[in-house]
Amino acid sequence: MKKKYDTLMTLALAGAVALTGTGVLSQKISSAKAGTISVTENQSAAFDIQADDSREPAEKTDGQKASPNQSTDGQKASSNQNTLGLELPADAEIKEENEDSLKFQWDGREITYYASDSGKKIEPDMLNIEEAVRTAVRSVWEYTKENNMGNHIQMALKKNIPEMEEYDSLEENNFSDSSDIIPAASKKNEGIWYYAVDADGINGHSYTLLINSISGQVFGYADYYDKNAAADEHSKEELERLKPEYCEAAGRFIQEKLHFEEGVNEYYAFTTGLMVTENGTRDTFDIFCRTESGDIVMITMDQLEKRVAAFEINPL
């Protein structure tokens, strides 16, 4: 029997994305009250989600940014002999092999790859392990501008399918089904194969990323800031006042970091909640955003840090 892939922690946010293999609406979002807010040119950018650039990785020779731990010699990955038949980086050092997992050292990191429960194998037209790891490291830097990535990574290849039992609470909260929040036409990521990546970190951070195994798009992300600190509890009136400011920050992140250059035309289904980490909780403000292209992006803002703590693009 294959050993189950255990994640470093469970993603607890609006529209939670669990590395057990699915993107699902969380119970918290299912009870959100529908509403919309329009964007105006006069809205103030209350939160600066741009971090200090002084620790930005060095430029690669091709003009693209490299992570602080990323090799810049441009060497192409080659196939190594291993039990799972994975194409590993040429300079990877295998540390441990099992029927359903492979642990290896590469680029200063210890990486454990778990075989898919379905038996799905990495194929030539998919990102290889090196490309997936580089995408994860580069993305964390792009989203945070902080070098808080650690040296231990767990990853697996998963299929993005809904877990219907997660919708049991929808009827109780006046939503007949998930289409009240996410239209069927926006479920563009249903059925795709993706790399589920868990990475430890430093300074209280650890990360989860979901990476489309063909296109390389990061469609799910969470920064678990494991520090037990709560923002001042806001009244409903105060949260209403803060909506435009949170929406401004979310919209800027979607345009600048997720590259939806056409921007957001609607914000809706606002709710507050908690992101649960190993040793604490974070107060969050959660927003569904509809872009001009018709894509849906769920954004979870950390109320204390006033920054994007998590997102999912076109959730199920």
Side-chain angles (χ1 to χ4, degrees), residues 1-9 17 19-21 57-62 64-143 147-160 192-202 206-221:
M1 179 180 295
K2 291 186 177 181
K3 184 172 69 174
K4 192 172 181 64
Y5 172 43
D6 296 320
T7 62
L8 300 177
M9 56 191 68
V17 183
L19 292 202
T20 49
E59 293 288 327
K60 291 174 62 178
T61 54
D62 63 1
Q64 294 182 346
K65 294 175 184 176
S67 84
N69 296 311
Q70 183 172 319
S71 170
T72 59
D73 60 7
Q75 185 176 23
K76 199 124 166 88
S78 64
S79 298
N80 294 345
Q81 295 293 326
N82 57 78
T83 55
L84 298 182
L86 300 177
E87 180 185 11
L88 301 179
D91 52 348
E93 181 182 355
I94 296 175
K95 294 294 186 180
E96 183 180 328
E97 292 185 84
N98 296 298
E99 180 185 354
D100 56 1
S101 66
L102 178 69
K103 182 181 293 185
F104 62 95
Q105 197 82 22
W106 174 67
D107 200 25
R109 291 186 168 86
E110 183 180 89
I111 301 167
T112 304
Y113 178 87
Y114 293 90
S116 169
D117 292 338
S118 71
K120 174 73 173 179
K121 293 185 180 296
I122 298 173
E123 298 172 358
D125 60 343
M126 303 172 76
L127 299 183
N128 60 34
I129 299 297
E130 178 176 350
E131 291 167 333
V133 172
R134 289 196 190 283
T135 296
V137 174
R138 183 179 64 249
S139 297
V140 169
W141 166 256
E142 288 178 351
Y143 303 150
N147 291 334
N148 287 324
M149 192 82 162
N151 294 324
H152 293 84
I153 291 176
Q154 297 181 47
M155 59 192 303
L157 189 61
K158 298 290 179 179
K159 190 172 186 178
N160 199 35
I192 67 168
W193 286 90
Y194 67 92
Y195 289 102
V197 179
D198 273 348
D200 70 354
I202 60 175
S206 58
Y207 304 94
T208 288
L209 299 98
L210 307 184
I211 304 170
N212 186 310
S213 63
I214 302 296
S215 69
Q217 181 191 44
V218 177
F219 68 93
Y221 162 85

Val140 vs Leu209, side-chain contact (heavy atoms from CB on, under 4.5 Å): CA-CA, chis, key distance, verdict: CA-CA 9 Å; Val140 169; Leu209 299 98; 4.0 Å; yes

Residue pair Gln217, Thr135: steps toward the side-chain contact (heavy atoms from CB on, under 4.5 Å) verdict: CA-CA 9 Å; Gln217 181 191 44; Thr135 296; over 6 Å; no

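No side-chain N or O of Asn147 forms a donor-acceptor pair with one of Trp141 less than 3.5 Å apart. Judged by distance alone, the side chains of Asp200 and Ser206 never bring a donor and an acceptor atom under 3.5 Å apart.
What you find for Phe104 and Ile94 is that their closest heavy atoms are CB-CA, 3.9 Å. Of all the heavy atoms in Phe219 and Asn160, the pair that sits closest is CE1-ND2, 4.0 Å. Looking at every heavy atom in both residues, Thr112 comes nearest to Lys103 through OG1-CE, 3.5 Å. Leu84 and Tyr113 make their closest contact through CD1-CD2, 3.8 Å (heavy atoms, listed as atom of the first residue, atom of the second, distance). Nearest heavy atom pair, residue Leu127 against residue Ile214, reads CD2-O, 4.2 Å. Summarising the geometry of Glu131 relative to Met126, their closest heavy-atom pair is OE1-O, 4.2 Å, with the distance given to 0.1 Å.
Under a 3.5 Å cut-off, the side chain of Arg109 and the backbone N or O of Gly150 do form a donor-acceptor pair. Judged by distance alone, the side chain of Asn128 and the main-chain N or O of Glu130 form a donor-acceptor pair under 3.5 Å. Here the side chain of Glu97 pairs a donor or acceptor atom with the backbone of Thr83 at under 3.5 angstrom.
Using a 4.5 Å heavy-atom threshold, the side chains of Glu87 and Ile129 count as separate. Contact check for Tyr143 versus Val218: side-chain heavy atoms found under the 4.5 Å cut-off. Side chains of Met155 and Val133 form a contact here, defined as non-hydrogen atoms less than 4.5 Å apart. Residues Ile192 and Ser213 form no side-chain contact, since every pair of their non-hydrogen atoms from C-beta on lies 4.5 Å or further apart. Using a 4.5 Å cut-off on side-chain heavy atoms (C-beta onward), Glu93 and Trp106 make no contact. Between Tyr195 and Leu210, every side-chain heavy-atom pair lies at or beyond the 4.5 Å cut-off.
A cation-pi arrangement is not found for Lys158 relative to Trp193, the charged atom failing to lie both closer than 6.0 Å to the ring centre and inside a 45° cone about the ring normal.
Not counting sequence neighbours, Lys121 has no partner by the salt bridge (charged side-chain N to carboxylate O under 4.0 Å, His left out) test.
Between atom CD1 of residue Ile202 and atom CE of residue Met149 there is a gap of 11.0 Å, rounded to the nearest 0.5 Å. Rounded to the nearest 0.5 Å, atoms CD1 (Ile111) and CG (Leu102) are 10.0 Å apart. Considering OG1 of Thr208 and CG of Asp198, their distance stands at 4.0 Å, rounded to 0.5 Å.
Each of Ile153, Val197, Asn148 was checked for a side-chain contact (heavy atoms from CB on, under 4.5 Å) with Tyr207, and the lone residue meeting it is Asn148.
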